[in-house]
Protein chains: 4
Amino acid sequence: MGSNSEAAGRKKPSFIEQARRAQIVAAAAEVVAEVGYAHTSFARIAEKAGISKGVITYHFSSKDEILRLVATQFFDQCWQHMEARISAQETAAGQVRAWIGSQLEFFGAHRTKFLAMSDIMANHRSEDGSHAYARELAEEVNGLAEILAQGQRDGGLRQFDTRSVANIILRCADGVLGSWAMDPSVDLEAESAALLDFIDHAIGRESS
Amino acid sequence: MGSNSEAAGRKKPSFIEQARRAQIVAAAAEVVAEVGYAHTSFARIAEKAGISKGVITYHFSSKDEILRLVATQFFDQCWQHMEARISAQETAAGQVRAWIGSQLEFFGAHRTKFLAMSDIMANHRSEDGSHAYARELAEEVNGLAEILAQGQRDGGLRQFDTRSVANIILRCADGVLGSWAMDPSVDLEAESAALLDFIDHAIGRESS
Amino acid sequence: MGSNSEAAGRKKPSFIEQARRAQIVAAAAEVVAEVGYAHTSFARIAEKAGISKGVITYHFSSKDEILRLVATQFFDQCWQHMEARISAQETAAGQVRAWIGSQLEFFGAHRTKFLAMSDIMANHRSEDGSHAYARELAEEVNGLAEILAQGQRDGGLRQFDTRSVANIILRCADGVLGSWAMDPSVDLEAESAALLDFIDHAIGRESS
Amino acid sequence: MGSNSEAAGRKKPSFIEQARRAQIVAAAAEVVAEVGYAHTSFARIAEKAGISKGVITYHFSSKDEILRLVATQFFDQCWQHMEARISAQETAAGQVRAWIGSQLEFFGAHRTKFLAMSDIMANHRSEDGSHAYARELAEEVNGLAEILAQGQRDGGLRQFDTRSVANIILRCADGVLGSWAMDPSVDLEAESAALLDFIDHAIGRESS
DNA sequence: AATGAATGAGATTTCATTCAT
DNA sequence: AATGAATGAAATCTCATTCAT
């Protein structure tokens, strides 16, 4: 069954192998962004990548594996970008701003992959029908909630339920990205600024 | 050609016809909520409704028509519910709270249909690949932005770009609903309260 | 089973019954002429006639019965028209001219029904796969061949195989009608004249 | 997307690909000849070819593509055969005889494909409902009309409207083929001779 | 006499996946 | 490592026909 790279026991992924996989994942992202999750097929991915359908199943064990990679790889890249920005800040409020700001900045710079990731995350389900990325999102909420809690201890932020607000803030950002996803003419930078201001007022102490 | 209800010129939809259509739409909503947009099929809808596949195409001209109805009917119902609440308020801040509060309340009371509506709206595209419900959402933003502008004129709300903030607020609410959609154990009422508080702080004058 | 009027044993077809049947047959002819045999369906016939699908199967036992009637009724009407013209002629050459001339004249005056009849005759098959109207056409050939034979005996026509030539002449006429069927801008009267002239030269004695 | 051979840009059709396509086209011709255009389905074609339905849609993009090929390939083959015969003749009368004679000869030698081609040409329509092969037929008429005009200039043929008569002659030939199509026991060679004689008398100068 | 509703068979088409080469 | 070919399940949709009212 070729060199399907399921969790454990894979051989040594050669350079060529890696390159092919990356190429296929990239093509898949473009296709999802263009025609949507429901109309994404092996045929379209192969066509976009300029290869035959067979190559895809040679390198991947299933369609789901590819799409999962499209979403998670990009998600991870984004997180790397964000982490650097966040850790450069010292105050909680600064870290929250860095979190949201860098996220919007990163996604704004990679529209196609963002569209693909959104679509895949919205549609991928586990076998029991539940959402497939619930855990990842929960971890995000926890991470931001911790920052908020620190801000409350430091006195930079007012009192509120940190998990609820962390969730709200993250969803806010998703929402703004969503409106830009629907309509590319939206000025994401301006919306981003408005959002940061909005959040500042929502969580900061009144004197701020 | 059955009794397909295309735009103009339909006869008089009989009672039994109406009932069947409603039954099918309800079954479709359940199926979408359960297995997701991509895996919703005539076969599953028919099975859920306990009827034959043929009945569906007898009453509807296409799969899209059914799913569009699932989304728009529920959307309209929600709006009716919200309108009553909103118009009962006199201050802009109150109207914003009523808007968001009643929306979360209504969707919270109809989980299945909400899940279906979300999924359909996320996946339905026009023929050109653009989002199918962009117009509806833009109208919502405009409506809320007007309220915000009134609040600014009245002095109840601080200064900000009304359209950006209206969009953010609506997306916030969507986001909170989204987290509840993913995990039914989320206490939507509590999250709703947290959100209203969040918004209050974000848009209210500092003295508030 | 309603009042299906199969060959034997039918009750007394009431006036209303007759009218409905005629209406349905007329609607069927229009539909066949418009969309072609393959795309003719009960739904379209009912829509064209402004009645429900059920009425059709109430009055006819099958789709084939209706279409067969469309073809044969019109065929019979044409033959009635032709017979009068033919019998008014005394010479064989005159009768041949009357035959072809009156046929083209009649069909030319009823384009829609002619298109329907052609399409149906081309597509209707018996159960064994053979052409359904072979017998009718054979009879036509025989009829015309007799006239030709008489003409040869009378000396008005030159010698040739009467059945072959009768067939050729009839097919000639069909062909001219076919070119008009494809392109309504064809001047059928002029083509008809050219055809009569063509036939005259083909079968007449050289001195003619 | 398989190897669908849409107009431009197709790769290099491999030998095996060509063979499969030819096999499928041949099977389709047989099916059309047997059950008629209206009852020709992928299932029957696949069964006839001894392959699965999927293979067909792998090699062809639609049913129409296959049937169009059945008709046009055979039409082209016939024309190749005819061209050789026609150009071997020097007089217009000879060319007309060669035209019709070689056409009947070719079709007579390939009954199944002829039946299929006829059926397809009679039923294929463009999207606007008009006949799909009108252009091809018009070209044929023009070609033959030119020969007739040359014959008139040379003095071999009498005066008549060349386009009308060209049309009539071609339709004559179709007609004779049609009667043989309906009844395979018809002696096509004899009919062909009768037709050539018929045409000779119809268009030749009286002294001929 | 008529109708609307329902059915189920069958049509075309898409597609993930397997396999021989 | 790659490919083209093949498959068969499943999806949407059409339609003649049946039936209760």
Engineer: In whole Å, what is the span from the NE2 atom of B:H59 to the C1' atom of F:dT14?
Structural biologist: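 Those two atoms, NE2 and C1', are 16 Å apart.
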Engineer: On DNA chain F, compare the nucleotides closest to C:G54 and A:I16; which residue's is nearer the 5' end?
Structural biologist: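 Closest to the 5' end, via its nearest nucleotide, is A:I16.
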Engineer: If you check every side-chain atom of D:S52, which of F:dA2, E:dG8, F:dT7 has the closest atom?
Structural biologist: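 Looking only at side-chain atoms, D:S52 lies closest to F:dT7.
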Engineer: Below 4.5 Å, heavy atoms only, C-beta onward: do C:T57 and C:K53 meet side chain to side chain?
Structural biologist: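 Side-chain contact under 4.5 Å: no.
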Engineer: Hey, what do you get for CD1 (C:I66) to CD1 (C:I45), rounding to the nearest 0.5 Å?
Structural biologist: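 CD1 of C:I45 is found 5.0 Å from CD1 of C:I66.
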Engineer: Please determine which of D:R20, D:R21, D:E17 meets the side-chain hydrogen bond (donor to acceptor under 3.5 Å, both in side chains) test together with D:H59.
Structural biologist: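 Exactly one candidate clears the test, D:E17.
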Engineer: Within this structure, what is the CD1-to-P distance between B:I56 and F:dA11, rounded to whole angstrom?
Structural biologist: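 Nearest whole value for this atom pair: 12 Å.
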Engineer: C:E65 CD to F:dA16 P: how many Å, rounded?
Structural biologist: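 C:E65 atom CD is separated from F:dA16 atom P by 15 Å.
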Engineer: Using a heavy-atom distance cut-off of less than 4.0 Å, which residues of residues 117-126 of chain C contact DNA chain F?
Structural biologist: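 Residues of residues 117-126 of chain C under 4.0 Å from DNA chain F: none.
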Engineer: Between D:K113 (side chain) and D:Q73 (backbone), is there a donor-acceptor pair under 3.5 Å?
Structural biologist: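 Looks like no, no N/O pair under 3.5 Å.
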Engineer: So, does C:Y58 get its side chain near the phosphate of E:dA2, meaning an N or O under 4.0 Å from OP1 or OP2?
Structural biologist: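 The answer is no; no side-chain N or O of C:Y58 sits under 4.0 Å from OP1 or OP2.
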Engineer: Between B:K48 and B:E34, is there a salt bridge with N-O shorter than 4.0 Å?
Structural biologist: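 Salt bridge between B:E34 and B:K48, a charged N being under 4.0 Å from a carboxylate O: yes.
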Engineer: Report the distance from atom CZ of D:F15 to atom P of F:dA5, rounded to the nearest whole Å.
Structural biologist: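 Nearest whole value for this atom pair: 12 Å.
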Engineer: A side-chain contact here means heavy atoms from C-beta on lying under 4.5 Å apart; do A:V35 and A:T40 qualify?
Structural biologist: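 Yes; the side chains approach each other to less than 4.5 Å.
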Engineer: In whole angstrom, give the distance that lies between atom CD of D:E17 and atom P of E:dA20.
Structural biologist: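 D:E17 atom CD is separated from E:dA20 atom P by 20 Å.
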Engineer: Counting Watson-Crick and G-U wobble pairs whose two distances are both under 3.5 Å, find the runs of 3 or more in a row that involve DNA chain F.
Structural biologist: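 Stem segments, range with range: E:2-21 with F:2-21.
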Engineer: Counting only non-hydrogen atoms, which of residues 30-47 of chain D are less than 4.0 Å from DNA chain E?
Structural biologist: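 Within this stretch, D:T40, D:S41, D:F42 sit under 4.0 Å of the strand.
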Engineer: Between F:dT7, E:dT13, F:dA11, spot the one nearest the side chain of D:K63, thanks.
Structural biologist: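 Closest of the options to the side chain of D:K63: E:dT13.
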Engineer: Side chain of A:R20 only, please: which of F:dA2, F:dT14, F:dT17 is the nearest?
Structural biologist: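 Looking only at heavy atoms from C-beta outward on A:R20, the closest nucleotide is F:dA2.
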Engineer: Contact between D:Y133 and D:R68 at the side-chain level, heavy atoms closer than 4.5 Å - yes or no?
Structural biologist: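 They are in side-chain contact.
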Engineer: In whole angstrom, what separates D:K53's NZ from F:dA11's P?
Structural biologist: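 Those two atoms, NZ and P, are 14 Å apart.
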Engineer: Is the closest side-chain heavy-atom distance between A:V32 and A:V70 below 4.5 Å?
Structural biologist: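 Sidechains of A:V70 and A:V32: no contact.
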Engineer: Taking the side chain as everything from C-beta on, heavy atoms only, tell me whether A:L69 gets closer than 4.5 Å to A:I24.
Structural biologist: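 A:L69 does not reach A:I24 side chain to side chain.
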Engineer: Which whole-number value in Å describes the distance from C:D64 CG to F:dC15 P?
Structural biologist: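 Distance, rounded to whole Å: 16 Å.
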Engineer: Test side-chain hydrogen bond (donor to acceptor under 3.5 Å, both in side chains) on C:D128 and C:S130 and set out the steps.
Structural biologist: CA-CA 6 Å; C:D128 63 353; C:S130 69; 2.8 Å; yes
Engineer: Out of curiosity, C:E65 CD to C:T72 OG1, how far, rounded to the nearest 0.5 Å?
Structural biologist: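 Taking CD in C:E65 and OG1 in C:T72, the distance rounds to 9.5 Å.
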Engineer: Can you check the D:R21 CZ to F:dA5 P distance for me, whole Å?
Structural biologist: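 My rounded result for the distance is 11 Å.
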Engineer: Nearest 0.5 Å, what's the OH-CG distance between A:Y37 and B:N123?
Structural biologist: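 Those atoms lie 9.5 Å apart.
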